[in-house]
Amino acid sequence: MGAETVPSLCLGTAGHIDHGKTWLVRGLTGKDTDRLPEEQERGISIDLGYAPLDLPDGRRISLIDVPGHERFIRNMVAGATGIDLFLLVVDAAEGARAQTHEHLAILRLLGIERGVVAVTKADTVPAGTVELAVDEARELVPGAPVVAVSAKTGAGLDDLRAALAAAADSYERRRSSLPTRLFVDRVFTLHGIGTVATGTLWSGSIGDGDELRVEPRGLDVRVRSVQVHDESVERAVAGQRVALSLPGVERTDLARGDAIVAPGAYPVSYRLDVLLDELEQIPDGARLQAHHGTAEIATRVSRIGPRHAQLRLATPVVAARGDHVVLRGETTLGGGRVLDPQPPRASDPAWLDTLEWGEPTEVIRGYLREPRTRSDILRSGLLDPRDLDAAAAGLVEAGGLFATPEWLEQKRSEAHELLAERSTRSPLDPGVAEAALLPARAAAFISLLGVERRDGKAYLPGARPELGDRTGAAEKLEAELAAAGAQGVKVEDDELGRFLEAEGRLVRLGDGHAVAADAYARARETLTAECEREGRITLARFRDLLGISRRPAQQLLERFDTDGITRRVGDERILRRSALPR
Ligand SMILES: Nc1nc2c(ncn2[C@@H]2O[C@H](COP(=O)(O)OP(=O)(O)OP(=O)(O)O)[C@@H](O)[C@H]2O)c(=O)[nH]1
Ligand SMILES: [Mg+2]
């Protein structure tokens with residue numbers, strides 16, 4: 001199957017019951033899409049019908065036939081959500097009727113603005129009446145070509161095909177480059193093949209062997225084979241009608257309304273914030289049916305200001321920003337365009353304005369209140385990957401996370417403020433643990449904060465521990481230490497003690513005591529000499545040799561143990577091998 005003949009456009013019928021949609025589809029494609037026995041019996045369409053349509057230029061597109069009966073309007077909406085162009089059908093004798101208008105409204109709410117109008121059953125009325133019907137149709141759908149046809153005689157069908165080809169030509173839908181998403185419209189079992197699901201591929205592509213997920217059920221599936229209009233293809237692409245054979249899946253495991261998606265690529269959400277498009281004012285708190293994709297879900301409408309609303313859904317949906325939703329009660333009341341597919345319960349109107357008007361850069365920046373990975377951003381359903389790539393240039397990145405320059409600037413100024421405050425409060429120890437400056441997940445941004453880092457601590461550039469106004473206290477302490485010798489003193493200012501120890505001016509012992517650095521060195525010499533003579537030393541002996549009391553002698557020995565000089569053996573200490581003179 002050549003690329004030219006691959007249908008990547010979907011055309012959908014619309015129009016009042018009995019106006020000749022299905023006959024016209026048969027006239028154009030040769031296929032009777034009323035396949036259900038009940039449809040044959042009653043002569044009306046109930047469910048969706050599908051047929052490939054060959055255009056005069058050799059291109060093949062997909063045609064979806066919808067029922068006109070008002071009771072089956074949910075099926076019409078399910079069919080219409082996936083289409084690109086409409087084929088509105090109006091009976092030449094009857095003119096526009098209730099569902100002509102309602103279907104048109106639904107198409108508009110779904111954002112399907114282009115198509116062709118066929119005035120059908122032209123053979124049943126005089127030429128003048130046909131003329132009149134054509135004029136009325138032009139008024140009804142300004143801008144759309146109108147063609148008079150008869151499915152019975154075939155008159156006008158060539159003109160209609162040409163008009164459809166022209167519409168398809170001029171049509172260029174910006175197919176999103178979002179990950180794979182297909183809304184299931186039919187599920188059936190084929191003998192020897194198993195369960196088959198069909199639907200219109202909204203975005204991405206699907207090929208044999210792809211691992212996908214049925215949402216919101218969370219069912220993982222593997223695609224065995226892919227067909228487009230009964231022909232096997234290697235990969236189906238966005239815009240095509242696709243049939244997937246899903247081995248190992250029961251027919252009852254999935255149904256119309258489910259989405260088949262790239263696993264984890266979309267939010268699955270009970271809430272949607274939408275920009276409303278109303279046919280009549282929808283009151284706050286209204287309980288309606290929301291149609292999204294091929295799903296129909298009970299929803300409560302919670303209004304946010306004059307134009308926005310949050311839809312609170314009974315079952316979750318797989319939505320992305322820009323998706324259309326149709327809202328129906330007894331009849332079609334309006335719709336909405338999804339702004340935030342995973343909003344907080346209390347929506348922020350300013351954020352919705354950004355989502356409505358904002359450039360991708362603003363949207364990303366609004367979303368990035370904290371650093372996130374690329375896949376986090378894409379999974380938000382707010383951005384097309386193309387937009388992310390374009391906007392990423394304005395972001396900062398570290399350790400696989402993206403952040404806004406504003407976030408980084410804020411963290412940087414917070415860090416500097418904290419460090420400056422720390423320097424003033426404790427000039428002796430002006431550093432702060434790195435972990436205190438950033439959330440653990442974003443630790444990689446530390447290198448962008450403009451701080452100096454030493455031993456797991458961050459410092460203001462050039463900051464060194466300083467005595468500041470404790471110079472006097474330090475001098476006093478050192479004088480006391482010098483006087484106390486190995487007996488040591490209790491140091492009340494622990495920070496000062498640490499500072500002087502780091503400077504090599506004292507050695508801290510347990511319990512807040514300390515000795516001068518030279519007293520420690522002399523005590524160590526005494527100990528080493530004794531151990532070399534006797535092989536060991538006891539606490540009592542050490543105490544007597546130094547002429548100090550028991551407490552400092554004990555503390556000094558413990559410090560020697562910690563410093564790796566001595567090892568305790570019973571009540572005695574021996575020199576560690578590494579401390580022996582070579
Ligand atoms: N003479 C004549 N009769 C037509 C033509 N097209 C449709 N009909 C008649 O209209 C009836 C309804 O046509 P359908 O094509 O089934 O109408 P529909 O719009 O698909 O109806 P629903 O699917 O139920 O909404 C047919 O059974 C035919 O009797 C036409 O071009 N000429
Ligand atoms: Mg029909």
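Order of appearance sets the numbers: ligands from 1, and atoms from 1 within every ligand.
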Of all the atoms in ligand 1, which lie at a distance below 4.0 Å from a heavy atom belonging to [X]?
X: Ile17; result: 24 (O), 25 (O)
X: Ile44; result: 24 (O)
X: Ala151; result: 30 (C), 31 (O)
X: Asp123; result: 1 (N), 2 (C), 30 (C), 31 (O), 32 (N)

Considering only the protein, which heavy-atom contact is closest to [atom], and what is its distance?
atom: atom 15 (O) of ligand 1; result: Trp23 N, 2.7 Å
atom: atom 23 (O) of ligand 1; result: Ser45 OG, 2.7 Å
atom: atom 17 (O) of ligand 1; result: Gly20 N, 3.2 Å
atom: atom 12 (C) of ligand 1; result: Asp18 OD1, 3.1 Å
atom: atom 18 (P) of ligand 1; result: Lys21 N, 3.4 Å

Looking only at atom types and distance, does a side-chain atom of [X] sit under 3.5 Å from a main-chain N or O of [Y], one as donor and one as acceptor?
X: His69; Y: Ile17; answer: no
X: Thr29; Y: Lys31; answer: yes
X: Arg181; Y: Val318; answer: yes

**Study point:** Partner of Leu279 under side-chain contact (heavy atoms from CB on, under 4.5 Å), chosen from Arg108, His101, Glu102
**Key:**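 Of all the options given, the one that passes is Arg108.
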Check your understanding: Is any side-chain heavy atom of Glu94 less than 4.5 Å from a side-chain heavy atom of Thr120?
Key ->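 Glu94 vs Thr120: side chains apart.
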Review point. Between Lys121 and ligand 1, which residue portion shows a heavy-atom distance shorter than 4.0 Å: side chain, backbone, both, or neither?
Key: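 Lys121 to ligand 1: contacts from backbone and side chain alike.
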Check this for me, if you would: do [X] and [Y] make a salt bridge, where the nitrogen-to-carboxylate-oxygen distance has to be below 4.0 angstrom?
X: Glu330; Y: Arg71; result: no
X: Asp34; Y: Arg42; result: no
X: Asp353; Y: Arg307; result: yes

Exercise for review: Decide side-chain contact (heavy atoms from CB on, under 4.5 Å) for Gln289 and Thr299; before the verdict, give the C-alpha distance in whole Å, the side-chain angles of both, and the deciding distance to 0.1 Å.
Suggested key: CA-CA 6 Å; Gln289 292 299 112; Thr299 187; over 6 Å; no
Check your understanding: Can you tell me if an N/O/S atom from Ser45 lies under 2.8 Å from the Mg ion (ligand 2)?
Key ->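 Short answer: yes, at least one N, O or S atom is under the cut-off.
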Review point. Is the Mg ion (ligand 2) under 2.8 Å from any N, O or S atom of Thr22?
Key: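 Yes, Thr22 qualifies, because one of its backbone or side-chain N, O or S atoms lies under 2.8 Å.
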Practice item. Please say whether Leu24 places an N or O atom under 3.5 Å from an N or O atom belonging to ligand 1. Key: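 No; every N/O pair is 3.5 Å or more apart.
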Review point. Do Asp65 and ligand 1 have an N or O pair less than 3.5 Å apart?
Key: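 By distance alone, the answer is no.
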Point to revise | Geometric cation-pi criterion Arg241 and Tyr50, 6.0 Å radius, 45° cone | key: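 Yes; both conditions hold, so Arg241 lies above the ring face of Tyr50.
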Practice item. Measure the distances from the heavy atoms of Thr124 to every atom of ligand 1 and state whether one is below 4.0 angstrom. Key: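 Yes, Thr124 has a heavy atom closer than 4.0 Å to ligand 1.
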Review point. Judged by non-hydrogen atoms, does Ser150 sit under 4.0 Å from ligand 1?
Key: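 True for this residue.
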